[in-house]
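Here the structure is laid out as structure tokens; the discussion comes afterwards.
Every chain is numbered from 1 and lettered A, B, ... according to where its sequence line falls, protein lines coming before strand lines. Every heavy atom of this structure was used, including side-chain atoms; hydrogens, water molecules and symmetry mates were not.
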Protein chains: 2
Amino acid sequence: MGTPLPRDPIADAQRNWERHGWGDVAAPMAAITAIMRTQQILLARIETVLKPFGLTFARYELLALLSFARSGALPMNKASALLQVHPTSVTNAVDRLEKAALVARSPHPTDGRTTLIELTAEGRTLAKKATAALNAEVFGQSGFGDDDVDHLIRVLGTFRRDAGDFTEE
Amino acid sequence: MGTPLPRDPIADAQRNWERHGWGDVAAPMAAITAIMRTQQILLARIETVLKPFGLTFARYELLALLSFARSGALPMNKASALLQVHPTSVTNAVDRLEKAALVARSPHPTDGRTTLIELTAEGRTLAKKATAALNAEVFGQSGFGDDDVDHLIRVLGTFRRDAGDFTEE
DNA sequence: TCCAAACCCTTGGATGTCCTAGTATATTGC
DNA sequence: GCAATATACTAGGACATCCAAGGGTTTGGA
């Protein structure tokens, strides 16, 4: 997107909020906006690393999830729940992964409503390679200090729990 | 998307990473994944609040930016830089806002390449109302503690600066 | 037993984001 | 002064996300 700005646009927004008398919510506004922007940056990095593998983040997440499934297969609704995305998003991702022969659909043995998705051999291999690349080029160079990582995991974990993502812990 | 999961899927992923011998990057992976998911939750909240106004977050951000512009108008490329999105995304947002009579395009007085965007009276009014709603229903109830907000602003600010978003500060 | 309610997946539509390319206007350098 | 380069916006296409709605399957209560 281009050249660095001379000043932090989010800090500017925070100052604008304060100037307009919304000082009580200026800081949370800045924090939330920063999260939105950080996600955008991280997503761009991830997509850049995955592109050579012909994967997007959404498809990679599904491959990775399947690669960790004990049985090697998951019902679509289970995948939707674990990835915390809309069922139609999973349908979309599976359509494309299936076309690329990385996963396969199969009927559930006892429940006629359910469709199972399973990694193909190619899918499993590609998942391994893509994970190695992400580990080396993104997660291993996040730019966050160890203490900050711990803090983020804790604070955002609490947030996600309070938002209803999960119960325990 | 539904019922809370019994366990945190991101904590599970972190355990899977450790189990596979990627313990050195498991924590950053979890932190990054948590940022992605938190963004999704926050975006959903924001869109819910904006929906009654007929706005999306992308369009709201543009309205808000214009409402703070001293001159009351901004070149599209300036808006693109400040919002940190691709120029075509701004074109898209302006198209829809213009159709809704919330902003207007006008030619730049001296540079024939440039298009200025300006709030209409309706646009200015709607921006005010939408901001009040977001302040009350999202930013004012972020769920983050004051200390966590400060920490997020600082950590993510450093991250964004290192990522090339801006220079100073 | 049987029908209504619940559940699962897919299709179609609306939005947003990015990339690539194309057109028009400015600026720069020879 | 003019050609080459740079900049600004837009058009078209690929993807992802969500919502609404539809068709098939299961479950549960009358």
Just wondering, do Leu55(A) and Leu102(A) contact through their side chains at under 4.5 Å, heavy atoms?
-> yes

Please state whether the phosphate of dT10(D), meaning OP1 or OP2, lies under 4.0 angstrom from any side-chain nitrogen or oxygen of Arg113(B).
-> no

With a 4.5 Å limit on heavy-atom distance, are the side chains of Arg161(B) and Thr167(B) in contact?
-> no

Value in whole Å for how far the P atom of dA14(C) lies from NE2 of His86(A) | 16 Å

Contact class for Thr115(B) (heavy atom, under 4.0 Å): base, sugar-phosphate, or nothing?
-> sugar-phosphate

Between dT17(C), dT7(D), dT10(C), which nucleotide gets closest to the side-chain atoms of Thr88(A)?
-> dT10(C)

Choose from dG16(C), dT17(D), dG12(C) the nucleotide whose nearest atom is closest to any side-chain atom of Arg59(B).
-> dG16(C)

So, is Gln40(A) near the phosphate of dG16(C), with a side-chain N or O under 4.0 Å from OP1 or OP2?
-> no

Output for pair (Leu97(A) CG, Glu122(A) CD), nearest 0.5 Å, gives 11.5 Å

Rounded to whole angstroms, how far apart are CE on Met76(A) and P on dC7(C)?
-> 18 Å

How would you label the contact of Thr114(A) with the nucleic acid (heavy atoms, under 4.0 Å): base, sugar-phosphate, or nothing?
-> sugar-phosphate

Interatomic distance, Asp111(B) CG vs dA26(C) P [rounded to whole Å] = 5 Å

Output the single nucleotide from dT10(D), dA26(C), dC18(C) whose closest atom is nearest the side chain of Val85(B).
-> dC18(C)

Would you please confirm or rule out a distance under 4.0 Å between OP1 or OP2 of dT17(C) and any side-chain N or O of Arg37(A)?
-> no

Tell me what Thr110(B) touches on the nucleic acid: a base, only sugar-phosphate, or nothing, going by heavy atoms under 4.0 Å.
-> sugar-phosphate

May I have the distance from Lys78(A) (atom NZ) to dC7(C) (atom C1'), rounded to whole angstrom?
-> 14 Å

Considering heavy-atom distances to DNA chain C, does Thr91(A) or Lys51(A) have its closest nucleotide positioned more toward the 5' end?
-> Thr91(A)

Evaluate the ring planes of Phe144(B) and Phe159(A), with Trp represented by its six-membered ring, and classify them as parallel (under 30°), tilted (30 to 60°) or perpendicular (over 60°).
-> parallel

Separation of dA24(C) C1' from Asn77(B) CG (nearest whole Å) = 15 Å

Determine whether any donor atom in the side chain of Ser89(B) lies under 3.5 Å from an acceptor atom in the base of dC18(C), or the reverse, and answer yes or no.
-> no

Between NZ of Lys99(B) and C1' of dT10(D) the distance, given in whole Å, is 13 Å

Would you please confirm or rule out a distance under 4.0 Å between OP1 or OP2 of dG16(C) and any side-chain N or O of Arg96(B)?
-> yes

Given atom CG of Leu62(A) and atom P of dC15(D), what is their separation to the nearest angstrom?
-> 16 Å

From CG of Asn92(A) across to P of dA16(D) the rounded distance in Å is 6 Å

Would you say Thr56(A) reaches dA16(D)'s phosphate, i.e. side-chain N/O to OP1/OP2 under 4.0 Å?
-> yes

Pick the nucleotide of DNA chain D nearest each of Glu47(A) and Gly112(A); which residue has the one closer to the 5' end?
-> Glu47(A)

List the atom of Ser80(A), the atom of His86(A), and the distance in Å for their closest heavy-atom pair.
-> OG-C, 3.9 Å

With the side chain counted from C-beta on, respond yes when Asp12(B) and Phe68(A) share a heavy-atom pair under 4.5 Å apart, and no when they do not.
-> no

